[in-house]
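Hydrogens, waters and symmetry mates are skipped; everything else that's a heavy atom, side chains included, is used. The first residue in the sequence is number 1, and the count goes up from there. When a ligand or atom number is given, it counts from 1 through the structure's own listing order. Bear in mind that the values here come from a model prediction, so they are computed numbers and not experimental data.
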Amino acid sequence: MIQTVPAMRHTDEHYDVVVVGGGIMGVATAYNLAKTGVSVAVFEKGRVGGEQSSRAWGAVRQQERAPAELPLMIESIRLWAVLEAELGESLDWRQQGHLALVYDEKTSEEFEKWIPIGRAHGLDTRMLTGEEVRKLLPHYRDSECRGGLFTSSDGCAEPEKVAVAFAGAARRRNAKIFEFTSVASIETENGRACALWTERGRVKANAIVVAAGAWTSRLLKPLEIEHPSLWIRGSVARTGVLPINLRKLVPWGKTAYRQRSDGRVNIAVARAGIHDLGKESLRFGAKFLPTARHNCRNLRFCLGSHAIRDLMGEFDDFTTHRTLDPRPDWKRLEKTAALFSQEYPEAGPIRLERGWAGFMDFMPDELPVMGEIPGFRGLFIAAGFSGAGFGMGPVVGRIMADLVSANDTGHDLRHFSPTRFSKSRG
Ligand SMILES: Cc1cc2nc3c(=O)[nH]c(=O)nc-3n(C[C@H](O)[C@H](O)[C@H](O)COP(=O)(O)OP(=O)(O)OC[C@H]3O[C@@H](n4cnc5c(N)ncnc54)[C@H](O)[C@@H]3O)c2cc1C
């Protein structure tokens with residue numbers, strides 16, 4: 001199947017590998033390929049890291065991961081520990097642990113169930129008592145807390161820095177990174193991906209990696225490849241400098257928060273998101289019913305201007321939104337700040353200096369999609385990270401580079417198969 005965009009021109013450009021999308025997954029893949037001497041180019045419709053990858057809250061956690069993801073996350077933590085040295089940039093990486101606080105019996109039971117999963121993979125995850133929590137967090141004052149689930153090897157980093165650092169390191173190893181250059185379509189011939197149609201023109205490649213985040217299903221649709229992901233809007237706010245010390249832990253209590261190195265705290269609306277209804281909801285909604293039922297307390301649906309804009313085709317074209325910049329859920333963020341105050345009264349009045357939101361690309365089983373697409377030789381996908389991909393970025397880059405190079409990845413990737421939702425599985 002050949003799709004062409006008539007107004008565009010051919011170029012003589014040819015790369016071993018081209019990557020669509022300059023989020024953490026795309027640039028980490030390009031970096032790992034460039035390290036091996038492969039010629040690689042990344043095409044990014046806006047700025048590197050502009051969408052999800054810079055908007056994340058910054059948690060890098062193994063704790064509470066699905067069993068299929070855990071081996072990858074464990075390797076990712078090892079890669080994070082040396083990443084600043086490897087990329088030659090500060091990423092504000094801190095490995096002080098992840099702590100999920102317990103306020104009710106149900107959460108406590110869920111956490112207890114997860115501990116053996118972590119242990120089976122060699123993690124030191126354990127339940128802390130309320131007293132132990134208060135020792136770890138000296139300014140924490142919520143008397144309702146019963147304890148917490150703690151994994152000391154988890155960490156956090158600054159999302160605004162990481163994709164940019166990967167891109168810089170990739171460039172230094174001769175990768176080409178084209179910003180503000182969208183990819184309109186993928187060309188295939190005889191069952192093989194062979195070129196991209198970009199704003200620069202046609203670019204040939206031996207292999208193509210689609211790491212287009214929230215846009216992946218739209219890019220793959222003309223090839224009739226079903227990638228049922230839905231956009232979930234997550235919101236984060238940043239406080240002013242607070243006179244408390246969270247000891248660089250990543251706590252997840254009534255809200256989720258992470259103190260930055262400058263003393264400001266990123267507060268996120270924890271375990272909750274909004275789905276702005278649109279065309280993809282109609283296309284894929286049925287596949288999400290079990291997840292929606294399971295998460296009904298945490299998920300809200302919004303029928304508003306997004307739906308109209310989507311129906312009018314605003315999100316069909318990759319140049320209309322160079323960087324998706326959805327409206328933060330200020331109402332919930334203000335509530336979140338009030339919950340934070342209950343836990344940390346000594347922080348004083350919380351002023352939110354700025355807030356932002358991002359569309360996370362969720363899959364029906366909340367697991368990512370990684371692999372070569374059956375029936376399309378040389379076409380690979382790394383997308384659908386379901387709101388938890390920032391921490392996985394380093395290992396995904398390593399794995400995708402090995403997949404493209406036909407090396408053993410060292411991981412069982414069957415749970416992440418690109419065709420697991422198709423009627424005719426490849
Ligand atoms: C509010 C929020 C909080 C989060 N918090 C965390 C957290 O604490 N920890 C965690 O692990 N994860 C977190 N996540 C999830 C994490 O950010 C994502 O899973 C991860 O960044 C996904 O990376 P990506 O490279 O797949 O996607 P993206 O970063 O979205 O990158 C995809 C890129 O592809 C580009 N693109 C798309 N289509 C085209 C095209 N046709 N041509 C050219 N370029 C194209 C886009 O412009 C975009 O830059 C959070 C996400 C959000 C939104």
Side-chain angles (χ1 to χ4, degrees), residues 18-29 42-62 65 69 73 76 80 98 154-159 162-163 166-167 177-186 196-199 209-220 229 231-237 250 252 256-258 266 268-270 272-274 315-326 328-329 333 355-363 366 368-370 381-394 396-397 400:
V18 290
V19 178
V20 187
I24 190 168
M25 305 309 171
V27 288
T29 301
V42 177
F43 291 91
E44 164 54 54
K45 67 180 171 54
R47 281 209 179 282
V48 163
E51 293 198 341
Q52 297 178 77
S53 296
S54 61
R55 289 158 190 265
W57 158 51
V60 175
R61 77 179 158 83
Q62 306 152 107
R65 288 271 178 179
E69 283 184 324
M73 240 351 268
S76 209
W80 275 104
H98 186 99
D154 278 342
C156 60
E158 178 50 60
V162 182
F166 264 118
I177 314 259
F178 299 103
E179 293 185 295
F180 295 98
T181 312
S182 68
V183 172
S185 63
I186 295 165
L196 289 178
W197 285 89
T198 78
E199 283 179 84
V209 178
V210 176
W215 300 86
T216 302
S217 62
R218 287 163 169 81
L219 187 63
L220 296 179
S229 85
W231 294 5
I232 304 292
R233 178 155 48 104
S235 298
V236 184
V250 181
W252 193 318
Y257 39 93
R258 172 180 76 85
N266 276 9
V269 177
I274 297 175
F315 299 99
D316 294 349
D317 180 88
F318 302 104
T319 56
T320 324
H321 292 270
R322 292 289 172 180
T323 300
L324 278 175
D325 188 20
D329 184 358
L333 283 172
W356 64 90
F359 283 124
M360 303 176 268
D361 53 336
F362 266 77
M363 301 306 294
E366 300 181 49
V369 176
M370 278 184 269
I381 181 169
F385 286 88
S386 304
F390 175 68
M392 287 184 112
V396 171
M400 292 312 296

Could you tell me whether a side-chain N or O of S386 sits under 3.5 Å from a main-chain N or O of F362, the two making a donor and an acceptor? no
Please confirm whether A211 approaches ligand 1 to less than 4.0 Å, judged on its heavy atoms. yes
If we only count N/O pairs under 3.5 Å, is I24 in contact with ligand 1? yes
G46 backbone acceptor or donor facing T323 side chain under 3.5 Å: no
Spell out, as yes or no, whether a donor-acceptor pair under 3.5 Å connects the side chain of N266 to the backbone of R258. no
Atom 19 (O) of ligand 1 [closest protein heavy-atom partner, distance rounded to 0.1 Å]: G389 N, 2.9 Å
Check: F315 main-chain N/O paired with R218 side-chain donor or acceptor under 3.5 Å: yes
Backbone or side chain, does any N or O of A388 fall under 3.5 Å from an N or O of ligand 1? yes
Considering only heavy atoms of G234, which atoms of ligand 1 have at least one such atom less than 4.0 Å away? 1 (C)
Nearest neighbour in protein (non-hydrogen) for atom 2 (C) of ligand 1: R55 O, 3.6 Å
Write out the residue and atom name of the closest protein heavy atom to atom 38 (N) of ligand 1, then the distance separating them to 0.1 Å. W215 CB, 3.4 Å
Quick one: closest heavy-atom pair of V183 and F318, and the distance? O-CD1, 3.3 Å
Partner of F385 by side chain to side chain contact (heavy atoms under 4.5 Å, CB included), out of E69, M363, M370: M370
Check each of R47, E44, E199 against F180 using the side chain to side chain contact (heavy atoms under 4.5 Å, CB included) test, and report the only one that passes. R47
Give me the residue, atom name and distance of the protein heavy atom closest to atom 4 (C) of ligand 1. A56 CA, 3.3 Å
Mode of V20 contact toward ligand 1 - side chain, backbone, both, neither (heavy atoms, under 4.0 Å): side chain
For M25 and ligand 1, does the shortest N/O to N/O distance drop below 3.5 Å? yes
Judged on heavy-atom distance to atom 34 (O) of ligand 1, which of S386, P368, G21, A59 sits nearest? G21
Determine, stepwise, if the pair W252 / W57 fulfils ring-ring contact (aromatic ring centres under 6.0 Å, His included). CA-CA 11 Å; W252 193 318; W57 158 51; 5.1 Å; yes
Ignoring hydrogens, just give me the one of W356, F390, W231 whose non-hydrogen atom is nearest atom 10 (C) of ligand 1. F390
I'd like to check which ligand 1 atoms, numbered from 1 as shown, lie under 4.0 Å from a non-hydrogen atom of V236. 1 (C)
Identify whether the distance between the nearest side-chain nitrogen and carboxylate oxygen of E158 and R55 falls below 4.0 Å. no
N or O pair under 3.5 Å between G46 and ligand 1: no
What is the closest protein heavy atom to atom 29 (O) of ligand 1, and at what distance does it sit? S53 OG, 2.5 Å
With sequence neighbours excluded, what pairs up with E366 under the salt bridge (charged side-chain N to carboxylate O under 4.0 Å, His left out) test? none
Which residue and atom name correspond to the protein heavy atom nearest atom 31 (O) of ligand 1, and how close is it? G23 CA, 3.3 Å
Given W80 and F390, is the ring-ring contact (aromatic ring centres under 6.0 Å, His included) satisfied, shown in steps? CA-CA 11 Å; W80 275 104; F390 175 68; 5.4 Å; yes
Please state which option from E179, Q52, E44, R47 has its nearest heavy atom closest to atom 18 (C) of ligand 1. Q52
Would you mind checking which non-hydrogen protein atom is closest to atom 52 (C) of ligand 1, with the distance to 0.1 Å? M360 CG, 3.6 Å
Looking only at heavy atoms, is any part of V183 under 4.0 Å from ligand 1, and if so is it the side chain, the backbone, or both, or is it neither? both
Need the ligand 1 atom indices (1-based, order shown) with element for anything under 4.0 Å from a heavy-atom of G213. 27 (O), 32 (C)
Looking only at distances, can you tell me whether any N or O atom of G391, backbone or side chain, sits closer than 3.5 Å to an N or O atom of ligand 1? yes
Please answer whether the main-chain N or O of G21 pairs with a side-chain N or O of K45 as donor and acceptor at a distance below 3.5 Å. no
Which of the ligand 1 atoms, numbered from 1, are nearer than 4.0 Å to a heavy atom of G358: 53 (C)
Distance-minimising heavy-atom pair for M25 and A382: CB-O, 4.4 Å
Checking the side chain of T181 only, and the main-chain atoms of E179 only, is there a donor and an acceptor separated by less than 3.5 Å? yes
Under 4.0 Å from ligand 1, counting heavy atoms only, is it the side chain of W57, its backbone, both or neither? both
Where does the angle between the aromatic ring planes of F359 and W231 fall among parallel (under 30°), tilted (30 to 60°) and perpendicular (over 60°)? tilted
Could you tell me whether ligand 1 has any atom less than 4.0 Å away from a heavy atom of G387? yes
Of all the atoms in ligand 1, which lie at a distance below 4.0 Å from a heavy atom belonging to F318? 41 (N)
min-distance protein heavy atom vs atom 45 (C) of ligand 1 -> K45 CG, 3.8 Å
